[in-house]
Number of protein chains: 2
Amino acid sequence: MRIAIIGTGLIGGSLSLTLRAKGLATYVTGVEQNESHAKRALELGLVDEIASLAAAVQQSDLIVLAIPINAAEAMLPGILDQVDKQVVMDVGSTKKVICEAVANHPKRGRFVATHPMWGTEYSGPDAAVKTAFADKATVICSKEESDADAVELVESIYQALGMHLLYMKADDHDVHVAYVSHISHITSFALANTVLEKEREEDAIFELASGGFESTVRLAKSNPAMWVPIFMQNRDNVLDVLNEHIAQLRKFKACLEKENYDYLQELIEHANGIRRILK
Amino acid sequence: MRIAIIGTGLIGGSLSLTLRAKGLATYVTGVEQNESHAKRALELGLVDEIASLAAAVQQSDLIVLAIPINAAEAMLPGILDQVDKQVVMDVGSTKKVICEAVANHPKRGRFVATHPMWGTEYSGPDAAVKTAFADKATVICSKEESDADAVELVESIYQALGMHLLYMKADDHDVHVAYVSHISHITSFALANTVLEKEREEDAIFELASGGFESTVRLAKSNPAMWVPIFMQNRDNVLDVLNEHIAQLRKFKACLEKENYDYLQELIEHANGIRRILK
């Protein structure tokens with residue numbers, strides 16, 4: 001299968017590497033605006049060539065949009081204009097806005113809206129790895145809006161990557177990811193700023209930081225070019241969760257202020273319930 | 001060296017396993033109030049025998065206090081009463097209160113206050129691992145209050161474990177750990193409660209939760225018996241950091257409410273500064 005990867009960063013690059021390693025991608029055309037990224041993508045063997053968008057769409061069976069979601073949303077209608085039998089999929093972290101952007105497009109059926117639940121806090125071609133995606137979930141949204149053969153092709157790609165397929169409406173997807181992904185990034189960014197703001201002795205942090213700190217703060221390395229558009233597009237859901245999270249933190253604060261350690265114990269025991277979900 | 005481990009859980013058990021694997025501990029006596037833990041500690045080979053506190057102190061060269069910090073603080077003066085040339089060390093997450101508890105004890109010099117910056121979110125004998133501690137930092141507090149030979153013994157133990165030694169005052173230690181450890185646990189507990197409270201569709205969380213979520217929430221599995229006393233003893237520092245953290249989260253909230261995405265971009269770029277500290 002000939003594949004076009006639009007955006008040769010962490011996700012696009014990893015997808016390309018993994019699909020080539022599995023023999024599914026016979027030829028990969030990269031589309032990349034950033035010249036140094038384009039050069040690295042070639043050097044790292046993420047793509048066989050870098051070409052224009054029009055050429056890439058023309059010569060590929062599958063076109064993967066792996067750029068920040070605001071750029072993907074803007075570019076998708078123009079790509080569908082050029083598509084005949086090809087399949088176009090995205091891999092973005094929100095689904096409602098992009099689905100709405102092409103809801104009435106005559107070629108809507110060639111587009112499959114997806115979100116593989118894999119990533120790291122790094123970005124760019126050098127962050128791409130060929131062991132990505134396996135054993136994680138991937139979401140296909142509003143499947144009934146896509147042509148059956150397009151969905152089948154995308155399903156076969158994700159199955160080859162070893163991912164579990166889930167199906168949901170775009171709106172529901174956006175609510176769930178606010179809880180299981182977007183809020184984690186906000187708490188991590190805010191925690192990094194808390195520490196950087198108040199703890200001026202960075203050497204002490206550097207020396208003392210152990211696994212627990214690294215674990216809760218590592219997402220704060222994530223790229224704003226990716227995350228600002230996510231928070232914009234999923235604003236209402238993220239605000240709901242963020243308000244609840246601040247309310248939960250205030251409970252801990254009240255326990256400490258009032259020295260109510262019985263209630264603090266209860267709050268922690270309740271939080272331990274996450275063991276049901278994270279094995 | 002004959003070692004007494006008081007508390008055969010995650011830290012005490014791991015210390016025992018690691019020191020035995022390295023040939024430093026020739027005989028380990030466990031002191032364990034919880035009968036099922038005592039049984040497991042024997043079964044898992046964490047200790048050679050379970051004995052009374054008095055017998056353990058009597059027959060050991062080094063006594064390690066590895067119980068929750070409130071219990072350690074209560075038990076330490078009585079142990080020092082029974083000590084002759086033996087060395088007593090603790091491994092607790094706060095240092096001010098325990099140092100104050102024995103500040104005027106005639107045997108204060110035999111005690112070395114320490115905090116190895118290693119742990120996991122699990123607890124009990126089954127959580128013990130023999131590959132613990134290596135390449136992490138360990139803190140020795142108020143070294144000048146301890147006898148030189150006692151400090152040397154403890155230093156040699158931590159060096160054998162492959163840890164970096166740091167020295168600081170108990171007060172400074174407690175401020176730093178509020179930033180690099182205690183606040184991470186509070187955010188993680190609160191994040192777990194946020195998700196458990198509002199996201200009733202636990203199946204969706206279970207299916208969608210990826211590495212990022214797991215990373216920020218895993219500390220929420222931590223044991224309240226350990227953490228409530230830490231938050232009690234380090235209350236003032238933790239409240240300072242928690243107030244700052246809530247203020248930082250409110251900045252993200254204000255950005256979303258006012259749709260001020262330029263400032264949101266700035267906040268995330270600032271948070272990216274954590275890359276200087278976490279490689």
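Note on naming: letters A, B, ... go to the chains in the order of the sequence lines (proteins, then strands), and numbering restarts at 1 for each one.
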Spatial distance of atom [atom1] ([X]) from atom [atom2] ([Y]) [nearest 0.5 Å]:
X	Y	atom1	atom2	answer
B:H173	A:L208	NE2	CG	7.0 Å
A:F231	B:Y261	CZ	OH	10.5 Å
A:R250	B:L242	CZ	CG	10.5 Å
B:H245	A:E197	NE2	CD	13.5 Å

Show your working on side chain to side chain contact (heavy atoms under 4.5 Å, CB included) between A:E121 and B:L278 and close with a plain yes or no. CA-CA 12 Å; A:E121 65 273 35; B:L278 295 182; over 6 Å; no

Hey, which of [options] has the most heavy atom pairs under 4.5 Å with chain B?
options	value
A:I268, A:D240, A:L267	A:I268
A:C255, A:A271, A:A220	A:A271
A:A190, A:G212, A:A192	A:A190
A:E269, A:H185, A:K136, A:E259	A:E259

From the list B:I246, B:L239, B:N193, side-chain contact (heavy atoms from CB on, under 4.5 Å) partner of A:F252 resolves to B:N193

With side-chain contact (heavy atoms from CB on, under 4.5 Å) as the test, pick out the partner of A:L191 among B:I274, B:I183, B:T216, B:I186. B:I183

If I compare all heavy atoms of B:N272 with all of A:S222, which pair ends up nearest, and what's the gap? ND2-O, 2.9 Å

Residues 112-120 of chain B vs chain A, non-hydrogen distance cutoff under 4.5 Å, contacting residues -> B:M117

Relative to chain A, which of [options] shows the most heavy atom pairs under 4.5 Å?
options	value
B:A247, B:A225, B:P224	B:P224
B:R235, B:K253, B:E244	B:R235
B:V228, B:V238, B:V241, B:D236	B:V228

What part of B:N243 is in contact with chain A, defined as an atom under 4.5 angstrom from a non-hydrogen atom: side chain, backbone, both or neither? side chain

Checking heavy atoms, do the side chain of B:L256, its backbone, both or neither come under 4.5 Å from chain A? both

Do other residues, nucleotides or ligands put more than 12 heavy atoms under 6.0 Å from the CD atom of B:E100? yes

Could you check A:K251 against B:F189 for side chain to side chain contact (heavy atoms under 4.5 Å, CB included), going step by step and ending with a plain yes or no? CA-CA 11 Å; A:K251 292 184 190 176; B:F189 290 131; over 6 Å; no

A:H164, part contacting chain B, at a heavy-atom distance under 4.5 Å: neither

